[in-house]
Amino acid sequence: MAKRTIVSLPGDGIGKTVLEEAIRVLTAAGFDADYVEGDIGWEFWKEEGNPLPQRTIDLLAKHKVGLFGAITSKPKDEAAGELSDKLKGKGLIYSSPIVGLRQHFNLDICMRPCKTYKGNPLNFIRRGKNGEVEEPEVDVVIFRQNTEGLYGGVEWSNPSEKVYEALMTHPKFQKNFGKTPVEELSISTRIFTKKATERILRAAFVHARKYGYKSVTVCEKPNVIRETSGMMYKMAQQMQKSDFPEIELWNTNIDAQMMWLTKNPENYGVIVAGNMFGDIISDGFAGLIGGLGFACSAQMSADGIALFEPTHGSAPKYADYPVSIVNPIAMIESACMMLDYLNENDIAVKIRKAVAGIISEGKIRTYDMLKVSGRPEVVENGAVSTKEMADAIISRL
Ligand code: NAI
Ligand code: MG
C-alpha cells in the first residue's frame, strides 16, 4: 500500500506540544506515514486575518485525514484588537477555525470514547452497598451529531417580521410568547434532519456491532422535545429492528442520564445523541476517566474526511512553560483512533497497551494525574513532562 500522508494541524498553545509527541509515538510504534503541516490558528489570524487559510482546507481535502492539536479562540473584539497593524480596522471578524473545518467538510459524526485505564488515580470511585470503595470500569463511546441541533447557528434576537409571523402560526408560540414585545425575544432553533440523524444512528450501531458493545443508548428527551428527540428515537427503533436486532436499544433522558452517570456508568456501551446533549454527556463521561488529559475524539464526514483531536483546548497558561507539563495521552489516544480508522489496528493496540502499562505501573504521572495544580515546578516535584510521558510510552512499545 502507498505510504499515507497525514495532515498535521498543530494550531496553538499546547496543541503544538501534544501533537509533536503523538507523532513521535506513532512513528516509534511503526506507523509509516508522511506528515504535511497545515497552517491553522491564532498566528494566521493575526498575520493574515484568517485562522483557517484556504491552503489548509485544500491540504485536508487532498489528503483526507488530519491530526489536530488545539486552537485558541477569543471573543470578537479581543480578536480584532490582536490583528497585525496592516489588518486592523478592515472589519475582519474572527471565527473559530475548528468550527470552520467542521462546517466546510460537514464533519457530522463526532465520536468520543471514554474508557477507564486501570490504575489511573483520576478514575471515578464511589461507595458500594457495604460502604466499600468501588471503581467502576467505564467503557463508553459517545456518538454526537456534530453539525445540527442547538449548535446549528439558526438563531435570532429581535427576529424579523417574517420570522415572527411564521412563529405566530404555532399555537404554543402564540399562547406563551405572543404578548412579549418582539425586541425582547431571543430564539435559538434545534433543527434535526433525517439524513444526519440516520447517519449518526447508523454510525453508533455499526460501531457497537464491530466492537461488541451490547447496547446503544439514545440519550435525548423525546417525552418533552417531541419533534427532534422524538424523531431520533423513532428512527433508532426502526433501525435496530430492521438492521441491528442483536444489539439492545436503550432510551435515556439527558437529565436522568447525568444523574446515572455516577450511579452506573459501567452499564452503558455506545451512546448516541444530538449535538448539545452529546457535548454534555461526553464531557460528563470524560470526567469519570480522568478528564481533559484523557479525552480523545474523532470527527468524520460522509465523503471520507476525518479529523482526530483531543477535546481539550490550547491551555494558553501552560503554553510558554520552559518545559511543557501537560498530559499528551488525550492526543495520543486520538492518534490511536486515527489508526483504528485507517485499519492499522495492530499499531493502535500496541500504543494503547503501552499507555495502559505506564498508567497501571503508577510511576510515571503528569501533573494532572498527581492532582496538583499546574505550575512549572511540578516537574521538579515528581511529575513528568509532556515529553517524558511520551518517552515512557515509546520505551514500552
Ligand atoms: P483548555 O482545554 O485549553 O484548558 C482548560 C484547563 O484544562 C487547563 O488550564 C488545564 O488545567 C487543563 N488541561 C487542558 N488540557 C490538558 C492536558 N492535555 N493535560 C493536562 N491538563 C490539561 O480550555 P480553556 O482554558 O477553556 O480554553 C483555552 C483556549 O482553548 C481558548 O482559547 C478556547 O477557545 C480554546 N479551546 C479550543 C478547543 C479546540 O481546539 N478544540 C477546545 C476547547 C477550548
Ligand atoms: Mg465541550
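Both counts, for ligands and for their atoms, begin at 1 and track the order of listing.
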Would you give me the side-chain donor-acceptor pairs under 3.5 Å for residues 134-142, sequence neighbours excluded?
from   : atom 1 : to     : atom 2 : distance (Å)
Glu134 : OE1    : Arg126 : NE     : 2.7
Glu134 : OE1    : Arg126 : NH2    : 3.2
Glu135 : OE2    : Asn123 : ND2    : 2.8
Asp139 : OD1    : Tyr213 : OH     : 2.7

Mind checking whether Trp42 and Trp45 have parallel, tilted or perpendicular rings, split at 30° and 60°? tilted
List for me each residue that meets ring pair (Phe, Tyr, Trp, His ring centres under 6.0 Å) alongside Phe173, sequence neighbours excluded, and say none if there are none. Tyr164, Phe177
Using 30° and 60° as the class boundaries, would you call the ring planes of Tyr367 and Tyr318 parallel, tilted or perpendicular? perpendicular
Near ligand 1, which protein residues have a heavy atom under 4.0 Å away? Ile14, Phe68, Ala70, Ile71, Thr72, Ser73, Leu292, Glu309, Thr311, His312, Gly313, Ser314, Ala315, Pro316, Lys317, Tyr318, Val326, Asn327, Tyr367, Asp368
Taking the side chain from Asn327 and the backbone from Ile329, do they hold a donor-acceptor pair closer than 3.5 Å? yes
Does Ala319 have any side chain to side chain contact (heavy atoms under 4.5 Å, CB included) partners at least two apart in sequence or in another chain, and if so, which? none
